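Written below as structure tokens is the structure these notes are about.
If you're wondering where the values come from, they're calculated on a predicted model, not measured in any experiment.
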Amino acid sequence: MAQVSLKNVVKRYNNDAAAVKNVNLGVENKEFLVLLGPSGCGKSTTLRMIAGLESPTEGDIYIADRWVNNVPAKDRNIAMVFQNYALYPHMNVYENMAFALKLRNYSKIDIEKRVKEAAQILSITHLLNRKPRELSGGERQRVAVGRAIVRKPLVFLFDEPLSNLDAKLRVQMRTEIHKLHLKIQTTMIYVTHDQTEAMTLGDRIAVMKDGNLLQLDTPLNVYNNPVNKFVAGFIGSPPMNFMKGKIIKKNGGLYFNEGNFKIRILEEMYPKLNNYIEKEVFCGFRPENVYDKLFASNSTPENTVAVTCDVLETMGSENYVYLSTGKHIFVAVVDATNMPSIGSMIEVVFDMKRVHFFDVSTEATIV
């Protein structure tokens, strides 16, 4: 069983502020966990501590119920795939994949069997005699993954492995890594700043910021039920829209007052918002949850707002429409056939079931 567990893990460099702050994290056997966050959030440092390339300042790390704080990286039975591939340029693909096994004194027969199995899984059998300089970026990445596979480790660690690839190749390799996990059924921990990679690959996502673990949940739960404004804005493309305004009471109901418009809040949200009446909050809504009134079926006077079309971006299958309320600019994702004129006034409808509210001071989710 290849569970990975971090308990109260802290990492400081030279007595500076902690790069990783009291992280508690459990990765289940055969799970694909994604560590997600912006540059400098501590995700790669966390991965390197699991790998044994960094030592925790405080806390405990376990791999398969074994305490590994003082265990060297080579003895942890893990394999790591780096961003820059780290292939030996003077060796061919076969030799690169076999090198770690030779160091561990595996027999030639066993080495050949493992290398050919891994090459077949990754569809690189025809590349075994080539040098790294003769390979494309995607092929080099496959070799780097193959070098990890041959060792049959307890845990695979990926440190932003696709960031050096072009957009098309990233999509292709993302699919290959997902298929690989389904084939070999090994615990994988994957670091990225790309929320699309996180959403498509992870069984669960651990969102980090400033060394803190903010939320650990399935991709859909992180998307639909973010714990705070940062998580809400980091997940989703285009990101969630935010507006600052007040919660007001009017005619027995609660409304969000942006300043230039008011929208009525659903009654099931009242219990959590009653303490915010006449107080400022952030209102958040995703671009796909606001619609042109001409194309909406749920329009009422209390969820419909007049706005100005500032910019139209045509994406092929859909359009991104940037709209202005006079105080805020927000984006709506609409059907490709919906193409309002720049500068025109249109009416948009908010899906109030999918609106989020956040505390202005703590940025924690209210409802």
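At least one cation-pi condition fails for K272 and F357: the charged atom is not both under 6.0 angstrom from the six-membered ring centre and inside a 45 degree cone around its axis. A cation-pi geometry, defined here as NZ or CZ lying under 6.0 Å from the six-membered ring centre and within 45° of its normal, holds between K229 and F242. Both the sub-6.0 Å distance and the 45° axial angle are satisfied by K250 relative to the ring of Y255.
Side-chain atoms of D359 never come within 3.5 Å of backbone atoms of I366 as a donor-acceptor pair (strictly under, hydrogens ignored). N274 contributes a side-chain N or O that, together with a main-chain N or O of Y270, makes up a donor-acceptor pair within less than 3.5 Å. At distances below 3.5 Å, not a single donor-acceptor pair connects side-chain atoms of S123 with backbone N or O atoms of A119. Listed for the Q185 side chain is a donor-acceptor partner under 3.5 Å among the backbone atoms of L182. With K327 contributing its side chain and E258 its backbone, the two residues share a donor-acceptor pair below 3.5 Å. Checked by atom type and distance alone, the side chain of T300 pairs as donor or acceptor with a backbone atom of E302 at under 3.5 Å. When atom types are taken as modelled, the side chain of E197 and the backbone of L162 share no donor-acceptor pair closer than 3.5 angstrom. Judged purely by atom type and a 3.5 angstrom limit, S344 has no side-chain atom pairing as donor or acceptor with the backbone of P340. Proximity of a side-chain donor or acceptor of N92 to a complementary backbone N or O of Y94 within less than 3.5 Å is detected. Not a single donor-acceptor pair under 3.5 Å links the side chain of R354 to the backbone N or O of F285.
When every heavy atom of V23 is checked against every heavy atom of M208, the shortest pair comes out as CG2-CE, 4.2 Å.
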**Asked** Yes or no on ring-ring contact (aromatic ring centres under 6.0 Å, His included) for F350 and Y291, after CA distance, side-chain angles and deciding distance?
**Response** CA-CA 7 Å; F350 291 88; Y291 321 107; 9.3 Å; no
**Request:** Assess whether ring-ring contact (aromatic ring centres under 6.0 Å, His included) is satisfied between F358 and F282, documenting all intermediate values.
**Result:** CA-CA 5 Å; F358 305 91; F282 287 113; 7.6 Å; no
**Prompt:** Checking side-chain hydrogen bond (donor to acceptor under 3.5 Å, both in side chains) for the pair N8/N24: CA distance, chi angles, key distance, verdict?
**Reply:** CA-CA 5 Å; N8 303 312; N24 288 279; 3.2 Å; yes
**Item:** salt bridge (charged side-chain N to carboxylate O under 4.0 Å, His left out) between E176 and K179, worked out
**Value:** CA-CA 5 Å; E176 293 298 323; K179 285 161 62 178; 3.7 Å; yes
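Taking OG1 from T187 and CG from L33, the interatomic distance works out to 10.0 Å, rounded to the nearest 0.5 Å. To the nearest 0.5 Å, atoms OG (S361) and NZ (K279) are separated by 9.0 Å. Atom CG of N257 and atom CD of E280 lie 10.5 Å apart (nearest 0.5 Å). Within the model, atoms CZ of R147 and CG of L101 stand 11.5 Å from one another, a figure rounded to the nearest 0.5 Å. Distance check: Y62 OH to I50 CD1 gives 14.5 Å after rounding to the nearest 0.5 Å. To the nearest 0.5 Å, atom CG of residue N251 and atom CZ of residue R264 are 7.5 Å apart.
T45 and E54 are not linked by any side-chain donor-acceptor pair at a separation below 3.5 angstrom, with hydrogens and angles left out of the test. With hydrogens and angles left out, the side-chain atoms of N164 and N84 include no donor and acceptor closer than 3.5 Å. A donor and an acceptor atom, one from each side chain of S163 and Q83, are located under 3.5 Å apart. One side chain, D159 or S44, offers a donor N or O that lies under 3.5 Å from an acceptor on the other. Donor-acceptor pairing under 3.5 Å is lacking for the side chains of T192 and E160. Defined by atom type and a distance below 3.5 Å, a donor-acceptor pair is missing between the side-chain atoms of T308 and S324.
Annotation for I109: atom CD1 does not count as buried by contact number, only 12 or fewer foreign heavy atoms lying within 6.0 Å. Enclosure of atom CD in E347 by more than 12 non-hydrogen atoms of other residues, nucleotides or ligands within 6.0 angstrom is indicated. At most 12 non-hydrogen atoms from other residues, nucleotides or ligands lie less than 6.0 angstrom from CD of E267.
Side-chain atoms of D203 and E28, non-hydrogen and from C-beta on, never get closer than 4.5 Å to each other.
Ring planes of H90 and Y88: perpendicular class, angle over 60° (limits at 30 and 60°).
The only option from K108, R114, K113 that meets the salt bridge (charged side-chain N to carboxylate O under 4.0 Å, His left out) definition with D110 turns out to be R114.
By the salt bridge (charged side-chain N to carboxylate O under 4.0 Å, His left out) test, K116 pairs with E112, sequence neighbours left out.
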